[in-house]
*Asks:* 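Pasting a structure below so you can have a look.
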Number of protein chains: 2
Amino acid sequence: MCTTEDKIIDAAIVLFSQKGYTAVTTKEIAKEAGVSEMTLFRHFENKHNLFERAFDRFVFTPKFIALFENLEWNLERDLFNICSSYQDVLKKNQKIILMHLKNDEFNPQFEKMLLKFPSEFKNLLRSYFEEMRNRGVIVENPETLAVSFLATNFGLFFTSLVMSKLTFNTDLQTCISNYVKIFTKGISLQK
Amino acid sequence: MCTTEDKIIDAAIVLFSQKGYTAVTTKEIAKEAGVSEMTLFRHFENKHNLFERAFDRFVFTPKFIALFENLEWNLERDLFNICSSYQDVLKKNQKIILMHLKNDEFNPQFEKMLLKFPSEFKNLLRSYFEEMRNRGVIVENPETLAVSFLATNFGLFFTSLVMSKLTFNTDLQTCISNYVKIFTKGISLQK
DNA sequence: TACACATGTTAGTAAGAACTAACATTATAC
DNA sequence: GTATAATGTTAGTTCTTACTAACATGTGTA
């Protein structure tokens, strides 16, 4: 966090995610990092290289997968934990996500990395719902449930991110637990 | 759709929403519109002006509000209609939404226009849920429900938009009706 | 035919951005 | 204290881009 390269990368991530690749100048990044523009080029050679290095810094945590190995098999509690962790991951990576949204014109392998996480996450979710169906807790189609859960969670995150200026009286945390409660009740079998 | 200005504006919207304001050149827009760059400047004076004109073209339909005057007061059916119409509005305006995501560095009044729609929509939703609570159909807090419903809907849209490359086996339509069904069951009172 | 008007073409200006070279300055290690 | 490495400074090159000016071409209308 203290080295020159780190300072530059941090500044780059902030600015790229705010404005997008093209709109940010190297001079700007250097200034934000509190460093001479020359130093930037000495360390990263060129702008695009800096971008790639900045990207490599952020990886979706695989720790997340461990979550699925410590399930309680209680629908509401499990979903709440999953949902919360997912929101954490998204929040931690929000800069890179924004960066991606503003720079998707280039770098296809960039795209692949970003899509790897949600698709793996979906598979984990589907397995979970499959197991819950085997246990007779739910009846719905696991795949559909997984996609729906994934999409809505992403929506919660994204709404709170993009529409932060909307003065809603409800915060994300309340929204999450409320959503999970409704979702749980909505898919639970009852006699 | 046939005038020169329209051709240019259309091209501008496509390119701006794909790449963002800064990354697109006037030459590029002119080429995409099948028109000389000079003609572009003759009509719009400068790039920023073209951007504003392009923005003005897209407005969130107020027709949407009429939907809330023809309610059936059947939870699932109403929500499904609302949800579908909302997805339509979002889809119709997806270019402008993307444009906004890539250009939010400037133009604050731009932001206001974009946020007007979701906040009005949320109020309509809250009124609906309030009335449903009065009728004894649901018990949850109307505000929270409205925000949750809004957020998740936006998430469905956005997921299908951004992550279109994810090869999920479930399409948006299925996802919506499934979500509405679950949501309805989740908030309905039952004996 | 003749005129007006929209568009194309071409050349060019001014500003800004990425990037380089050369030299000056500071800090660190021994 | 001196050598070495990292950083700062300054000036400059090249390229791209927004934008202009002047003139040419074409097209419809009276």
Side-chain angles (χ1 to χ4, degrees), chain A residues 1-57 95 98-107 110, chain B residues 1-57 95 98-110:
Chain A
M1 179 55 191
C2 287
T3 83
T4 305
E5 294 208 353
D6 283 334
K7 277 194 295 184
I8 295 171
I9 288 185
D10 283 341
I13 289 173
V14 170
L15 289 172
F16 282 144
S17 65
Q18 268 173 10
K19 304 184 166 195
Y21 182 80
T22 329
V24 175
T25 69
T26 48
K27 198 186 278 178
E28 222 175 336
I29 298 173
K31 196 180 173 187
E32 169 86 15
V35 125
S36 151
E37 191 183 1
M38 198 52 224
T39 310
L40 184 153
F41 283 109
R42 270 195 273 252
H43 280 278
F44 299 95
E45 211 152 341
N46 55 49
K47 190 185 178 186
H48 192 268
N49 197 31
L50 168 59
F51 182 81
E52 284 185 4
R53 291 279 300 281
F55 179 81
D56 287 343
R57 256 285 211 80
K95 278 181 190 165
L98 282 173
M99 217 161 117
H100 169 64
L101 282 176
K102 305 202 181 196
N103 300 294
D104 53 5
E105 68 255 35
F106 64 141
N107 212 335
F110 186 102
Chain B
M1 180 57 190
C2 288
T3 83
T4 306
E5 294 208 354
D6 283 334
K7 277 194 294 183
I8 295 172
I9 288 185
D10 283 340
I13 288 172
V14 171
L15 290 172
F16 281 144
S17 65
Q18 268 174 8
K19 304 186 167 195
Y21 182 79
T22 329
V24 175
T25 69
T26 48
K27 198 185 279 180
E28 222 176 335
I29 298 172
K31 196 179 172 190
E32 169 86 18
V35 126
S36 151
E37 192 183 1
M38 198 52 225
T39 310
L40 184 153
F41 283 110
R42 272 195 272 253
H43 280 279
F44 299 95
E45 210 150 344
N46 55 48
K47 189 184 178 186
H48 192 269
N49 197 30
L50 167 60
F51 181 82
E52 285 186 5
R53 291 279 302 279
F55 179 81
D56 287 343
R57 255 287 208 75
K95 278 183 189 162
L98 282 173
M99 216 160 119
H100 168 66
L101 282 175
K102 307 206 179 193
N103 300 294
D104 53 5
E105 68 256 34
F106 65 141
N107 214 336
Q109 90 217 71
F110 187 102

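None of these values were measured; they are calculated from a predicted model. Quick note on labels: first sequence line is chain A, next is B, and so on, each numbered from 1.
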*Asks:* Roughly how many Å is it from NZ in B:Lys47 to P in D:dT17, rounded to a whole number?
*Replies:*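 So the NZ-P distance, B:Lys47 to D:dT17, works out to 9 Å.
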*Asks:* Using a cut-off of 4.0 Å between protein heavy atoms and nucleotide atoms, how would you tag nucleotides 6-11 of chain C 5' to 3' with B, S and -?
*Replies:* -BBB--
*Asks:* For the pair A:Phe16 and A:Tyr21, name the ring-plane relationship: parallel under 30°, tilted 30 to 60°, perpendicular over 60°.
*Replies:*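 Rings of A:Phe16 and A:Tyr21: parallel, under 30°.
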*Asks:* Would you compute the distance between atom CD1 of B:Ile8 and atom CD1 of B:Ile13 and round it to the nearest 0.5 angstrom?
*Replies:*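 Here the interatomic distance stands at 12.5 Å.
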*Asks:* What is the distance from atom CZ of B:Arg53 to atom CG of B:Leu50, rounded to the nearest 0.5 Å?
*Replies:*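 If I round to the nearest 0.5 Å, the distance is 8.5 Å.
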*Asks:* Write down the distance between CD1 (A:Ile29) and C1' (C:dA17), rounded to a whole number of angstrom.
*Replies:*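 Rounded to the whole Å, the gap is 12 Å.
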*Asks:* Whole Å only: how far is the CG atom of A:Leu40 from the P atom of D:dG8?
*Replies:*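 Rounded to the whole Å, the gap is 11 Å.
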*Asks:* For A:Glu28, which residues count as a salt bridge (Lys or Arg N to Asp or Glu O under 4.0 Å) partner, sequence neighbours excluded?
*Replies:*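 Testing A:Glu28 for salt bridge (Lys or Arg N to Asp or Glu O under 4.0 Å), a comparison that skips the adjacent residues, returns A:Lys19.
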*Asks:* Of the non-hydrogen atoms in A:Ile29 and A:Ala11, which two are nearest, and what is the gap between them?
*Replies:*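 So the two residues come closest at O-CB, 3.8 Å.
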*Asks:* Within this structure, what is the CG-to-C1' distance between A:Leu50 and C:dC19, rounded to whole angstrom?
*Replies:*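 The distance from CG of A:Leu50 to C1' of C:dC19 comes to 14 Å, rounded to the nearest Å.
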*Asks:* Tell me: CD1 of B:Ile8 to P of D:dC19, nearest whole Å?
*Replies:*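 These atoms are roughly 14 Å apart.
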*Asks:* Would you mind reading off the distance between A:Glu28 atom CD and C:dG16 atom P, rounded to a whole angstrom?
*Replies:*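 Distance, rounded to whole Å: 13 Å.
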*Asks:* What integer distance in Å separates A:Lys7:NZ from D:dT7:P?
*Replies:*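 Nearest whole value for this atom pair: 8 Å.
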*Asks:* Taking distance alone, no hydrogens or angles, what donor-acceptor pairs closer than 3.5 Å link side-chain atoms of residues 31-43 of chain B to residues at least two apart or in another chain?
*Replies:*
from, atom 1, to, atom 2, distance (Å)
B:Ser36, OG, B:Met38, N, 3.1
B:Glu37, OE2, B:Thr26, OG1, 2.8
B:His43, ND1, B:Glu5, OE2, 2.9

*Asks:* D:dA11 C1' sits how many Å from A:Lys27 NZ, rounded?
*Replies:*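 Whole-Å distance recorded here is 12 Å.
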